[in-house]
Amino acid sequence: MNAIKDYILKFIYNNDLRDYENRAIIKELPKNKKEISILDAGCGSGLLLNQLHEAGFTNLHGLDLNPLNVEIAAKNKNLKIKLGNVLDPKYQKNNFDIIICSHVLQIFNFNEAQKLFIELGKILKPGGILIICTLNDFKRFFKHPENCKPYPPDSIFRLINNITSKVSAPLMNLDSDFPKYKFIKIWKRYNPLFFLESRDNSLINKLGIILNTFQYRYNIINPLSYNAYIMFLEKFKN
């Protein structure tokens with residue numbers, strides 16, 4: 001039984017959902033420009049930054065509000081880790097080629113989310129890429145108490161849109177500092193085809209984790225339903 005348990009735990013560890021997302025991000029980065037400056041805004045314990053380092057990228061920066069995360073991430077001496085708030089990052093303007101903000105947006109209300117796009121836009125170089133990874137609007141969104149608001153892709157399209165419709169003016173006009181972004185592409189993390197979860201039964205939840213991990217590992221997914229996505233945006237050069 002212990003051998004089976006160890007195998008299951010290893011299987012889940014090796015097929016973590018964040019690894020799928022991180023691979024999708026790294027796949028889109030330029031392979032022949034390993035020296036580009038990359039900031040992980042809200043880097044946590046440095047999982048993505050470590051994977052970027054393993055992929056050969058050399059100019060890697062991390063920012064996180066949690067001192068323990070900063071301490072863990074800084075153990076890799078190849079990373080430049082700083083304690084700070086993504087809403088007030090305190091880097092020089094036009095400093096980074098790539099800024100990644102993974103699973104941070106959903107903890108903010110609208111005003112904070114708007115400020116996030118403004119502040120990250122200030123420190124992103126013209127022509128640089130902002131990569132936002134966040135949760136879609138789905139029924140289990142609030143199972144995590146830190147989640148404040150889901151941001152489906154349409155909400156970001158509206159946030160960066162500069163076209164006035166019959167019923168509303170563009171939201172970006174609410175703040176003259178809002179940078180101009182261009183949509184590049186989107187990657188979606190689809191739901192497993194057969195989803196198992198319970199709000200009050202831990203055994204069912206454990207079985208669900210195994211089942212869902214297996215389905216993600218072998219791409220047994222529902223192509224019509226997704227729970228998270230990665231959006232790639234380019235900051236206009238002028």
Side-chain angles (χ1 to χ4, degrees), residues 1-29 31 40-52 54-55 98 100-108 110 113 129-160 183-233:
M1 288 297 294
N2 287 336
I4 295 175
K5 182 179 179 180
D6 290 343
Y7 174 82
I8 291 173
L9 291 175
K10 185 177 180 180
F11 177 78
I12 293 172
Y13 178 83
N14 289 333
N15 293 278
D16 187 272
L17 289 180
R18 291 294 179 91
D19 289 330
Y20 288 117
E21 293 175 347
N22 292 348
R23 285 196 292 269
I25 290 172
I26 294 171
K27 182 180 178 182
E28 297 299 323
L29 300 183
K31 305 298 185 294
D40 187 352
C43 65
S45 59
L47 174 63
L48 174 57
L49 288 171
N50 280 300
Q51 292 173 339
L52 286 165
E54 290 173 1
I98 306 285
I100 303 165
C101 191
S102 180
H103 289 282
V104 174
L105 184 63
Q106 64 259 21
I107 71 172
F108 293 138
F110 168 73
I129 302 298
L130 174 61
I131 302 172
I132 297 290
C133 180
T134 190
L135 297 176
N136 189 30
D137 188 6
F138 65 109
K139 66 180 182 179
R140 303 182 316 281
F141 176 85
F142 290 108
K143 69 177 288 185
H144 298 290
E146 69 274 16
N147 287 343
C148 175
K149 188 180 186 302
Y151 289 92
D154 282 352
S155 66
I156 296 183
F157 292 147
R158 177 169 169 75
L159 190 64
I160 67 174
F183 169 75
I184 301 298
K185 67 181 303 182
I186 190 170
W187 176 93
K188 297 176 180 177
R189 190 180 81 194
Y190 292 98
N191 284 309
L193 189 60
F194 305 102
F195 191 83
L196 180 64
E197 183 181 74
S198 172
R199 293 188 175 185
D200 55 14
N201 190 311
S202 61
L203 177 59
I204 291 178
N205 282 333
K206 289 177 182 178
L207 292 174
I209 290 172
I210 298 170
L211 175 62
N212 297 338
T213 302
F214 179 87
Q215 291 179 91
Y216 277 118
R217 172 65 178 82
Y218 295 101
N219 202 34
I220 306 172
I221 49 92
N222 179 356
L224 301 178
S225 174
Y226 61 98
N227 53 48
Y229 65 93
I230 304 170
M231 186 176 290
F232 298 80
L233 304 171

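Everything quoted here is computed from the prediction, not taken from an experiment.
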Task: Short side-chain donor-acceptor distance under 3.5 Å, E197 and N212 - done: no
Table please: side-chain donor-acceptor pairs of residues 188-195 below 3.5 Å, with sequence neighbours left out.
residue: R189; atom: NE; partner: N227; partner atom: OD1; Å: 2.8
residue: R189; atom: NH1; partner: E21; partner atom: OE2; Å: 2.6
residue: R189; atom: NH2; partner: N227; partner atom: OD1; Å: 2.9
residue: N191; atom: OD1; partner: N227; partner atom: ND2; Å: 2.6
residue: N191; atom: ND2; partner: S225; partner atom: OG; Å: 2.5

Between [atom1] on residue [X] and [atom2] on residue [Y], distance to nearest 0.5 Å:
X    : Y    : atom1 : atom2 : result
I184 : I129 : CD1   : CD1   : 5.0 Å
L159 : L105 : CG    : CG    : 8.5 Å
I209 : N205 : CD1   : CG    : 6.5 Å
R140 : N147 : CZ    : CG    : 12.0 Å
L211 : L196 : CG    : CG    : 6.0 Å
H144 : I107 : NE2   : CD1   : 13.0 Å

TODO: State whether the side chain of D137 and the backbone N or O of P150 hold a donor-acceptor pair below 3.5 Å, judged by distance alone.
DONE: no
Task: Main-chain N/O of L29 paired with K31 side-chain donor or acceptor, under 3.5 Å - done: yes
Any heavy-atom pair between the side chains of [Y] and [X] that's under 4.5 Å?
X    : Y    : answer
Q215 : I221 : no
W187 : I25  : no
F232 : I186 : no

Task: Distance-minimising heavy-atom pair for S45 and N50 - done: O-ND2, 4.4 Å
TODO: Check L135 against Q106 and note the closest heavy-atom contact, atom names and distance.
DONE: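 Closest approach of L135 to Q106, heavy atoms only: N-OE1, 3.6 Å.
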Task: Candidate pair Y229 and Y151, rule side-chain contact (heavy atoms from CB on, under 4.5 Å), full reasoning - done: CA-CA 10 Å; Y229 65 93; Y151 289 92; 4.3 Å; yes
Open item on the list: Does K10, at its NZ atom, have more than 12 non-hydrogen atoms belonging to other residues, nucleotides or ligands within less than 6.0 Å?
Closed with: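 Atom NZ in K10 is not packed in, count stays at 12 or less.
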TODO: Over 60° means perpendicular and under 30° means parallel, so classify the ring planes of F138 and F141, tilted if in between.
DONE: perpendicular
TODO: Apply the test side-chain contact (heavy atoms from CB on, under 4.5 Å) to residues L52 and I100: give CA-CA distance (whole Å), side-chain angles for both, the deciding distance (0.1 Å), then the verdict.
DONE: CA-CA 11 Å; L52 286 165; I100 303 165; 4.2 Å; yes
Task: Working for side-chain contact (heavy atoms from CB on, under 4.5 Å), residues R158 and D154 - done: CA-CA 6 Å; R158 177 169 169 75; D154 282 352; over 6 Å; no
